[in-house]
Amino acid sequence: CRELIAAGLRDLWLWDLQLKDPGSAPKVFQIGATIEALALDGGRALVAAGTKVHACELAGTSCTDYSGHTQAIAALSLSEQSGWMITGAADGTARLWDARASTGLHSAQAHHADQVRGLSVSEDGHVLVAAGPHAKLWRITGVQPPREVRTLKGSPHDELKAAALSPSGKRAATAADESVLLLWQIGDGRGELAPPIQVPTQGSLGRLSFSDDGAWLVGSGPTAACAVDLRGSGTPTCVDLGGSGEVVAQAFITGTHRVAVGLGDSEVRIIDLDDLTRGAAREQTLGRGKGRVRNLVSSPDGRWLAAFGENVDGRLWDLRAVGSAATQLGALTDKAPVAVFTPDRKWLVVGTGTKLLAWRLDRLDTSPALVRERLAASVTAIVMSADSRTLVTGGADGGVLAWEFARLADDAPVEFGSQGVKVNQMALVADGTLIVSTGPERTMHVWPLTGRRLWELASRVGGVAKAPP
């Protein structure tokens, strides 16, 4: 033991115990606010005082400030292994910080030269981010900063409108303001990237998605909707999906080669893509709603399909009950809802305006079974942990919050921090232990989702959240 640290009312004292003169004066760090908690992180002292955490270098004289709380911090806890620090304050929130970041940021960041327009992830920890005319492929593991693997360069004159990464991470697709789709063979990330295959389309595409097995790619836009069969060895073509009307939303039915499309006239259809190889696509029409479809979501087992549209329209179908009418989802607001099914296939969770609503699928009713109202900002993105215990939401104010789902209606969330601008997209990555988020700026943020460890840390900073059973 070389150093002794003592915290006073507003100052931090440091003695070097190896000095020959035991009466030498200590080094003093003037904090300026009442010290409530103290933790050591290698060669730094983490001091909670007032609304900030001060990270003071023991070998120097300076401190770096972590700001974010609006009222005095009451407690602090540090996970020495991962480097994540959590604080609890009188403002009723817990915040998560990357204690190893030299600038005191709450998340690792990956910067782009242009505004981020698209986000897609693969099962092996790769993230594809579309920004400007190019897309960057990142490798994300643990709490280390994202590592750029490749840049998919498009036309310098056309901004990308959509990008998608196959579940295996071996293929990618990009689309810009032109009637062509680019298919990329990513490979193992070594060597030079081969030029993309150009696939003509009937118009520009604003949405791209792969089927779960990577066999099909579907794209849609204002004047075009087509699908590419990737199983063959010949030159790929984008086959028109047929039908009339503008496709404004799309989603693969999980575990199948069927894709649901939402139309501008509020109609929802399901198309069996395997029939395209036989010359005609078989369609299942689910009916029309109150307004233009904005979002489609399929459950993990492919049984349920939810559609949300304008004019406070929310519909839920049980696809196993062929021909059955949709359940109308009540309590929605006029804000565009975002939704996720829990991986355990028990709940549909919807963020709508400043509310969180949850419907239990085994006891389905028009009214939600769980309601959390009066959030600080509208919910704009939502994901659920792989164990269905932790719900993470992104808001119009840039805030990223983690909720213990079993106590959604009662407990305060853990506040990861804020990315500064509206959260547009979120996705799980790295075996569900991390979350990536993007907004209308040039940065991708990476947040840790550590399950039980997160809630245990939160419970140690004033009981802000209770650890799940």
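Heavy atoms only: backbone and side chains are in, while hydrogens, waters and symmetry mates are out.
Judged by distance alone, the side chain of Asp265 and the main-chain N or O of Glu267 form a donor-acceptor pair under 3.5 Å. Under a 3.5 Å cut-off, the side chain of Arg372 and the backbone N or O of Leu408 do form a donor-acceptor pair. When atom types are taken as modelled, the side chain of Ser437 and the backbone of Val423 share no donor-acceptor pair closer than 3.5 angstrom.
Checking each of Lys422, Gln425, Met426 against Thr380 for a side chain to side chain contact (heavy atoms under 4.5 Å, CB included) leaves exactly one that passes, namely Lys422. Exactly one residue among Val247, Val293, Val268 makes a side chain to side chain contact (heavy atoms under 4.5 Å, CB included) with Val261. That residue is Val247.
Using a cut-off of 4.0 Å between Lys/Arg side-chain N and Asp/Glu carboxylate O, Asp318 and Arg320 are scored as not salt-bridged. A salt bridge links Arg231 with Asp274: the closest approach of a Lys/Arg side-chain nitrogen to an acidic carboxylate oxygen falls below 4.0 angstrom. Between Asp177 and Lys161 there is a salt bridge, since a side-chain N of the basic residue sits under 4.0 Å from a carboxylate O of the acidic one.
Side-chain contact check for Asp301 and Ser299: at least one donor-acceptor pair (N or O, by modelled atom type) lies under 3.5 Å.
Pairing each heavy atom of Arg315 with each of Ser266, the nearest pair is NH2-O, 2.9 Å.
Within the 4.5 Å cutoff, no side-chain heavy atoms of Leu319 are placed close to those of Arg303.
A centroid separation of less than 6.0 Å is found between the aromatic rings of Phe405 and Trp347.
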